[in-house]
A.B. asks: 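For reference, the structure I am asking about is given below.
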Number of protein chains: 2
Amino acid sequence: MKDGPHIARVAALIGDNARADILTALMADRALTATELAGIAGVTKQTISGHLAKLLDAGLVEVDAQGRHRYFRLAGRDVAHLLESLMGVAFRTGAVRLRSSPREPALRKARVCYDHLAGELAVAAFEAMLMRGWFAARVGELSLTGAGRAAFEAIGVDVSVPGSSRRPVCRMCLDWGERRHHLAGGVGAALLQRMYAAGWAHRQKDSRVVVLSAEGEKAFREVFLLD
Amino acid sequence: MKDGPHIARVAALIGDNARADILTALMADRALTATELAGIAGVTKQTISGHLAKLLDAGLVEVDAQGRHRYFRLAGRDVAHLLESLMGVAFRTGAVRLRSSPREPALRKARVCYDHLAGELAVAAFEAMLMRGWFAARVGELSLTGAGRAAFEAIGVDVSVPGSSRRPVCRMCLDWGERRHHLAGGVGAALLQRMYAAGWAHRQKDSRVVVLSAEGEKAFREVFLLD
DNA sequence: AAGATGGTTCGGCTAGGATCGAACCATGAA
DNA sequence: TTCATGGTTCGATCCTAGCCGAACCATCTT
């Protein structure tokens, strides 16, 4: 068995906790800097630097240098696909790191996932959005339709994407608690910001929990869930 | 970053040369004994036994005990799929072990890949199918068109997919020898079964080689290749 | 210019795990 | 029973690779 693609090499690369953390983080958020990744993986800068060098060398991630920052991202769709396959198997075989779904009801219901909303509410909302045709969904790709644009603008969400052109307007992000997708990308982030600004919700101190006010939840459900 | 499926665990499991050899061997051949696998991976019995215990424990492989033999096989379709993803990434990033294509002509021409046909014939046939519009191919997704359905039914291939609904009707599978795709999924498996049943081909004992009879090959070329 | 921050390189420490020799149990054949 | 074969368990060895401290370079700010 000396022939064939060298599976073990790339698998071993993913088979380290720190590097796996890097990759999953990059899967959720498109581009992160080395120090952010160090924080996420819980190791020092030197260590993360070494890991990133290996991932770069192996062609699993790519990098954009901007000033003194280096933004890392997954090298391609195939890597993201591979990671999802891994998650699927890990999930089936019960290899969940601790608990797959947060046990605190508040966390399960609504929480921050990097810069956008995740949790049951987010998943339900995203599915309703798809039903209403706000997005054109293809395999792993998502684009805003005219109806979607109008709907978001109607509630004051800025869909013009002020950020860099590198960042996709909208993306779906896998929610490992729910095993379903929710909205990420520029629009996802803008939506969460809008919810904060409108007083619908605020982020709980030192936690990923997003607390919805009574009126906030009512409004959210009316806009996104009720049919 | 403590939650989510424990990717690193399963990746690390595949990230060892001996275990990767085991898994790729099981992907090509359905069931192998421990000593056969030891020979393939080039390690001793004790070592392979330890590896197999780990793979079993992790739920990546399963075992059938028959007498004093233990036949190992992949635990499920998701594992096979994961391995394919790995091969794809490994291939793109140039991590090829040595030579990718089997040297025996018979193996190169037609062989079994899990449960469907692979090799030069399979690749050529799949490309002809695509040309004729039997499938609608999008990014990583494949669906049978009306024309395709009719064509398969005409030669007695059951495309109604009796299996579970989780299994995709048709998929493309990367042929590491050819670096091109061939047909997999429910239809791919059904096609191979049909070829066996029609007497076009039979599987060679103790080998992945698929032997086509003279009439079988003629019929195959007429149906799939000639234009 | 001085400081702060992002990132890399180098060297040494350490732990985890892959490997094998040897002994051992289980099954089937003579 | 005796022998051969398939497979596992245990213990010891050895090496890889992850990790951090310290020092360093690069970029941006004041």
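Per chain, numbering begins at 1; letters A, B, ... match sequence-line order. Below, all heavy atoms of this structure are taken into account, side chains as well, without hydrogens, waters or symmetry copies.
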A.B. asks: For the pair A/E120 and A/R111, find out whether any cationic side-chain nitrogen is under 4.0 Å from an anionic carboxylate oxygen.
C.D. replies: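 Salt bridge between A/E120 and A/R111, a charged N being under 4.0 Å from a carboxylate O: no.
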
A.B. asks: From the options C/dG6, D/dG18, C/dA18, select the nucleotide whose nearest atom is closest to the side chain of A/K45.
C.D. replies: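 It is C/dG6.
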
A.B. asks: Could you tell me how far apart A/L13 (CG) and D/dA17 (P) are, to the nearest whole angstrom?
C.D. replies: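 That distance rounds to 11 Å.
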
A.B. asks: What is the separation between atom CG on A/D16 and atom C1' on D/dT16, rounded to the nearest whole Å?
C.D. replies: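 For the pair A/D16 CG and D/dT16 C1', the rounded distance is 13 Å.
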
A.B. asks: Would you give the length of the straight line joining atom CG of A/L60 to atom CG of A/L52, rounded to the nearest 0.5 angstrom?
C.D. replies: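 If I round to the nearest 0.5 Å, the distance is 11.5 Å.
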
A.B. asks: For B/T47 and A/R68, take the nucleotide of DNA chain C holding the closest heavy atom to each; which residue's nucleotide lies nearer the 5' end?
C.D. replies: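 By nearest-heavy-atom nucleotide position, the 5'-most residue is A/R68.
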
A.B. asks: A/H69 NE2 to C/dA4 P: how many Å, rounded?
C.D. replies: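 The distance from NE2 of A/H69 to P of C/dA4 comes to 17 Å, rounded to the nearest Å.
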
A.B. asks: Select one nucleotide: of D/dG18, C/dT19, C/dG7, the one nearest the side-chain heavy atoms of A/H51.
C.D. replies: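 In terms of side-chain proximity for A/H51, the closest of D/dG18, C/dT19, C/dG7 is D/dG18.
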
A.B. asks: For A/L37 and D/dC19, what is the distance between atoms CG and P respectively, to the nearest whole Å?
C.D. replies: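 These atoms are roughly 14 Å apart.
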
A.B. asks: OP1 or OP2 of C/dG17 sitting under 4.0 Å from any side-chain N/O of B/K54?
C.D. replies: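 It does not, given that no N or O in the side chain of B/K54 lies less than 4.0 Å from OP1 or OP2 of C/dG17.
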
A.B. asks: Return the value, rounded to whole Å, for the distance between atom CG of A/L52 and atom P of D/dA17.
C.D. replies: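 After rounding, the reported distance stands at 18 Å.
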
A.B. asks: Would you compute the distance between atom OG1 of B/T24 and atom CG of B/D21 and round it to the nearest 0.5 angstrom?
C.D. replies: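 Here the interatomic distance stands at 5.0 Å.
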
A.B. asks: Report the distance from atom CD1 of B/I48 to atom P of C/dT19, rounded to the nearest whole Å.
C.D. replies: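 About 8 Å, once rounded to whole Å.
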
A.B. asks: From the set C/dG7, C/dG21, D/dG6, return the single nucleotide nearest to any side-chain atom of B/T35.
C.D. replies: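 Nearest to the side chain of B/T35 among the choices is D/dG6.
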
A.B. asks: Do A/R70 and A/D64 meet the salt-bridge criterion of a basic N to acidic O distance under 4.0 Å?
C.D. replies: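 So A/D64 does not pair with A/R70 through a salt bridge.
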
A.B. asks: Within a strict 4.5 Å, meaning less than it, do heavy atoms of the A/L121 and A/F224 side chains meet?
C.D. replies: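 Side chain of A/L121 against side chain of A/F224, heavy atoms only: no contact under 4.5 Å found.
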
A.B. asks: With a 3.5 Å cut-off and heavy atoms only, can you find an N or O donor on one side and an acceptor on the other between the side chain of B/Q46 and the base of D/dG7?
C.D. replies: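 There is none.
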
A.B. asks: Of the candidate nucleotides D/dC19, D/dG6, C/dC20, which contains the atom at the shortest distance from the side chain of B/V43?
C.D. replies: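 Nearest listed nucleotide: C/dC20.
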
A.B. asks: Just the rounded figure in Å: distance from C1' of C/dT27 to OH of B/Y71.
C.D. replies: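 Atom-to-atom, B/Y71 to C/dT27, this comes out as 13 Å.
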
A.B. asks: Taking the minimum atom-to-atom distance to the side chain of A/R70, which one of D/dT9, C/dG7, D/dG18 wins?
C.D. replies: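 For A/R70, the side-chain atoms sit closest to C/dG7.
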
A.B. asks: Just how far, in rounded Å, is P of D/dA17 from CG of B/N17?
C.D. replies: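 Roughly 10 Å, once rounded to whole Å.
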
A.B. asks: Does OP1 or OP2 of D/dC19 have a side-chain N or O of A/T44 closer than 4.0 Å?
C.D. replies: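 False: A/T44 side-chain N/O out of range (4.0 Å or more) of D/dC19 OP1/OP2.
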
